[in-house]
Amino acid sequence: MSNLYTRLLASSPSKDEPFAILPDGRVINYGALDAMSGRFANLLGELGVGQGDRVAVQCEKSIELVALYLGTVRAGAVFLPLNPAYTPNEVAYFLGDSEATLFVCRPDTLEALRPVANAANVSRIETLGEDGSGSLADAAGRAAPGFSTVAVERSTLAAILYTSGTTGRSKGAMITHENLASNALMLKDYWAFAPSDVLLHALPIFHTHGLFVAINTIMSAGASMRFLPRFDLDAIIAALPHCTTMMGVPTFYSRLVDDPRFNKELVRDMRLFISGSAPLSADMHRAFEARSGHAILERYGMTETNMNTSNPYEGSRRAGTVGFPLPGVDIRITDAETHLPVPVGEVGIIEIRGPNVFRGYWRQPEKTASEFRDGWFVSGDLGRIDDEGYISIVGREKDLIISGGLNIYPAEIEAVIDEIPEVRESAVIGIPHPDLGEAVVAIVAGQAEMLSEEKILSILALSLARFKQPRAIRLVDELPRNSMAKIQKAALRDQYRYLFSKE
Ligand code: MCA
Ligand code: AMP
């Protein structure tokens, strides 16, 4: 069976065709990509990384990191990317749980993370910097570029991506070669990607969106990308005239609309803007179209499933909807109580089935079993299908906050706050935010005279990544409860809904 890498290159782009155009003007063509990923694949073998071994990586975005991802996949090992914002405390959990063989971090975090890797029994720790420096990059430079890509089964793991849970710690979603290849090859056709396309890539590459949806899809088409280190408005405005497509989270689009330089002339060569990872409001969809002449194509996905639905490329892209099930993907909407499909137009839980659906959670068979029903993956998202087949996401059954496209689970933050001795209890909620979509707010009950926002924030900073830390904390006497004594988060969300905006 073929490896994901081989399947992504089935269109056989010529070695001289560009793959990535970097901010300094350097062009990495498909031949160079093959050599870079081949060097990493050879090096992994030298470092004792075998098939099925986990390669955990916490590095800044770089083209070398993309090559390491592909080299890991080519070698039949498992790529495990981690957000560079995670604290050593968070990294410790991922390394221990995944039993990684190799951990790659930034040169400047090596000293802080070496003890963490040692404690997790990781055999090797190496470094890779965003400028291509570091021990792993140096050694790769000495390794041979030619590598015979390992043949694997379709069900072989290509990656593990950690995704938080409603209770307890994060779970590793086991993603196979087939999951990724089937999704990328289908998206290339559905979104009409061609070799002439240039994708504006400003997303992080530690998540499904920037790593798989963006990079795998352009590789399938033999297309190229303008590869930016992060979302920076000036750099985006400068790059847009040289691109044909962009993928982003809604915050990208609202920031563009707020910038007076963004207009039709700037996007004259663009053919497609794609949004996902968080809800794009119908108002933003309309504002963007009025300014640019482009109807954003909104799609819906998950770490566990890659992409599930999409608005059409040809045909009406309907604001406030995520379109239709993608080819090969089945979607059904079921009743939360009876688990039976609901009639057209009614709200229920979105369930997904198809070659895109992951193999389960790493070493958590019970958790895996509880999230599947009759072979369907139960998403935890609430949706509705209208009589024309368009799907809308209307809410979430799972207690999840999506801030700037990053997922945050309240239980993880509440657990840290509740450990503060003066705190009796806390409720962490997502409140509408003009830039991030939702922002984290903590409502805390306890000995108010002994607590302060600064004190709570400074304690949270010791263990939680910055993006998870609350943007506001409110100290209260009591949290509202219903007759079952359950904290009423809906009432709190209502009470604080205008915290970041005007009524
Ligand atoms: C950064 N900060 C954030 C976020 N990002 N806080 C809350 N939410 C965030 N998303 C914090 C920083 O720690 C910093 O804190 C301050 O905000 C400003 O940081 P900065 O780096 O300047 O922020 P930014 O560059 O403006 O980043 C915002 C962003 C970025 C562009 C929205 O977060 C981003 O690129 N998000 C995309 C995430 C993504 O790829 N999601 C896909 C997941 P301080 O105050 O200390 O300075 S995959 C997925 O969801 C599924 C599968 C799907 O369907 O795609
Ligand atoms: P993640 O856990 O990072 O994989 O995020 C997946 C979740 O993001 C989904 O379960 C949805 O709740 C949400 N999501 C992704 N795309 C969209 C979208 N277009 N509209 C609304 N929610 C979305």
Side-chain angles (χ1 to χ4, degrees), residues 60-61 81 83-87 161-166 170-171 173 175 179 183 187 201-214 228-233 235-236 247-256 274-282 284-285 296-311 317 319-323 349-352 356 358 371 377-383 391-409 430 433 435-441 457 460-461 464-471 500:
E60 294 298 336
K61 182 175 177 180
N83 187 337
Y86 287 147
T87 61
L161 261 58
Y162 274 85
T163 162
S164 298
T166 30
S170 292
K171 307 156 288 183
I175 299 162
N179 293 153
N183 218 233
L187 290 175
H201 195 305
L203 286 159
I205 55 171
F206 48 80
H207 273 318
T208 297
H209 198 164
L211 186 64
F212 301 142
V213 192
L228 303 181
R230 59 190 62 83
F231 185 91
D232 171 80
L233 257 178
I236 299 276
M247 293 185 191
V249 295
T251 300
F252 284 21
Y253 294 108
S254 57
R255 287 185 184 179
L256 277 171
I274 301 174
S275 178
S277 307
L280 181 79
S281 75
M284 183 49 60
H285 192 279
I296 296 174
L297 182 154
E298 186 173 5
R299 65 24 167 214
Y300 158 63
M302 291 183 74
T303 301
E304 289 91 336
T305 61
N306 293 288
M307 297 303 101
N308 301 314
T309 77
S310 170
N311 268 280
R317 298 178 197 158
T321 82
V322 293
I349 297 174
I350 299 178
E351 299 188 1
I352 304 145
N356 54 318
F358 75 138
E371 301 214 357
F377 176 62
V378 183
S379 70
D381 290 315
L382 298 172
I391 298 172
S392 307
I393 315 273
V394 299
R396 297 174 209 129
E397 202 197 26
K398 53 195 175 189
D399 195 8
L400 162 72
I401 300 168
I402 306 185
S403 167
L406 291 175
N407 287 8
I408 300 163
Y409 278 86
H433 187 278
D435 181 41
L436 298 168
E438 288 181 317
V440 177
V441 173
L457 279 177
L460 291 179
L464 294 177
R466 173 73 183 105
F467 73 90
K468 298 179 192 168
Q469 296 166 26
R471 293 290 164 128
F500 301 109

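These values consider heavy atoms only, across backbone and side chains, with no hydrogens, waters or symmetry-generated copies. These numbers were taken from a predicted model, which means no experiment stands behind them. For ligands, and for the atoms within them, numbers begin at 1 and follow the listed sequence. The residues of the chain are indexed from 1 along the displayed sequence.
- For ligand 1, the polar-atom distance check finds an N/O of S403 within less than 3.5 Å of one of the ligand's N/O atoms.
- The side chain of R255, and not its backbone, has at least one atom closer than 4.0 Å to an atom of ligand 1 (non-hydrogen atoms only; side chain from C-beta on).
- Between I393 and L382 there is no side-chain heavy-atom pair separated by less than 4.5 Å.
- Proximity of atom 44 (P) of ligand 1 to the protein is indicated by at least one non-hydrogen atom lying closer than 4.0 angstrom.
- Within the 4.0 Å heavy-atom criterion, the part of E298 lying near ligand 2 is the side chain and not the backbone.
- Each of I352, I391, T321, N311 was evaluated against Y300; a single residue qualifies, I352, per the side chain to side chain contact (heavy atoms under 4.5 Å, CB included) test.
- Under the 4.0 Å distance rule, the nearest protein heavy atom to atom 54 (O) of ligand 1 falls inside the cut-off.
- When the options I274, V249, T309, D381 are ranked by their closest heavy atom to atom 9 (C) of ligand 2, first place goes to D381.
- Taking 4.5 Å as the limit, some side-chain heavy atom of R299 sits within range of a side-chain heavy atom of H209.
- The contact set between ligand 1 and H209, taken as ligand atoms under 4.0 Å from a residue heavy atom, comprises 42 (C), 48 (S), 55 (O).
- Between S275 and ligand 2, no N or O atom pair is found at a separation short of 3.5 Å.
- For ligand 1, the atoms lying closer than 4.0 Å to a non-hydrogen atom of T303 are 52 (C).
- Numbered from 1 in the order shown, with element, the atoms of ligand 2 that lie under 4.0 Å from a heavy atom of N407 read 1 (P), 2 (O), 3 (O), 5 (O), 6 (C).
- Between the side chain of H201 and the backbone N or O of A214, no donor-acceptor pair lies under 3.5 Å.
- In terms of modelled atom types and a separation under 3.5 Å, the side chain of D381 and the main chain of I350 share no donor-acceptor contact.
- Less than 4.0 angstrom separates atom 18 (C) of ligand 1 from none of the non-hydrogen atoms of the protein.
- Protein heavy atom nearest atom 49 (C) of ligand 1, with residue, atom name and distance: S277 OG, 3.6 Å.
- Ligand 1 has a nitrogen or oxygen under 3.5 angstrom from a nitrogen or oxygen of R471.
- By the side-chain hydrogen bond (donor to acceptor under 3.5 Å, both in side chains) test, T305 pairs with N308, sequence neighbours left out.
- Set against the non-hydrogen atoms of L203, the atoms of ligand 1 under 4.0 Å away are 40 (O).
- In terms of polar-atom proximity, defined here as any N/O pair under 3.5 Å, R466 does make such a contact with ligand 1.
- Atom 21 (O) of ligand 1 is not flagged as protein-proximal [any protein heavy atom, distance under 4.0 Å].
- Side-chain contact between P470 and L460 is present, with heavy atoms from C-beta onward closer than 4.5 Å.
- Checked by atom type and distance alone, the side chain of S275 never pairs as donor or acceptor with a backbone atom of V249 at under 3.5 Å.
- Looking at R299 against ligand 1, only its side chain comes within 4.0 Å, counting heavy atoms.
- The part of H207 lying near ligand 1 is the side chain, judged by heavy-atom distances below 4.0 Å.
- Two residues are said to be in side-chain contact when any heavy atoms from C-beta on lie closer than 4.5 Å; L161 and F212 meet this criterion.
- Under 4.0 angstrom from ligand 2, there are no non-hydrogen atoms of T208.
- In this structure, S281 contributes its side chain and M284 its backbone to a donor-acceptor pair below 3.5 Å.
- The contact set between ligand 1 and G301, taken as ligand atoms under 4.0 Å from a residue heavy atom, comprises 54 (O).
- Per-residue contacts place T163 under 4.0 angstrom from the following atoms of ligand 2 (heavy atoms of the residue considered): 2 (O).
- In the vicinity of M302, heavy-atom distances shorter than 4.0 Å reach the ligand 1 atoms 52 (C).
- Contacts of H433 classified as ring-ring contact (aromatic ring centres under 6.0 Å, His included), with partners at least two apart in sequence or in another chain: F500.
- For atom 29 (C) of ligand 1, the nearest protein heavy atom is 4.0 Å or more away.
- Between the T309 side chain and the V322 main chain, a donor and an acceptor come within less than 3.5 Å of each other.
- When only interatomic distances are considered, the shortest N/O to N/O separation between G404 and ligand 1 falls below 3.5 Å.
- Distance alone, capped at 3.5 Å, places no donor-acceptor pair between the E298 side chain and the A319 backbone.
- Within a 4.0 Å radius of atom 13 (O) of ligand 1, the protein contributes one or more non-hydrogen atoms.
- The nearest non-hydrogen atom to atom 25 (O) of ligand 1, considering only F212, F206, F231, comes from F231.
- Contacts between E304 and ligand 2, counted as non-hydrogen atom pairs separated by less than 4.0 Å, are absent for every part of the residue.
- Of all the atoms in ligand 2, the ones that sit under 4.0 Å from a non-hydrogen atom of S277 are 8 (O), 13 (C), 14 (N), 15 (C), 16 (N), 17 (C), 23 (C).
- Of the charged side-chain nitrogens involved, at least one lies within less than 4.0 Å of a carboxylate oxygen, so that R396 and E438 count as a salt-bridged pair.
- A salt bridge links E371 with K171; the closest basic N to acidic carboxylate O contact falls under 4.0 Å.
- Judged by distance alone, with hydrogens and angles left aside, the side-chain atoms of K61 form a donor-acceptor pair with the main-chain N or O of L203 at under 3.5 Å.
- When heavy-atom distances to ligand 2 are checked against a 4.0 Å cut-off, T303 comes that close through both its backbone and its side chain.
- Around atom 15 (C) of ligand 2, the closest heavy atom drawn from G395, S379, G301 belongs to G301.
- At under 3.5 Å, a nitrogen or oxygen of G405, whether backbone or side chain, sits near a nitrogen or oxygen of ligand 1.
- Not a single protein heavy atom sits closer than 4.0 Å to atom 1 (C) of ligand 1.
- Contacts with ligand 1 closer than 4.0 Å are made by side-chain heavy atoms of F252 only, the backbone lying farther away.
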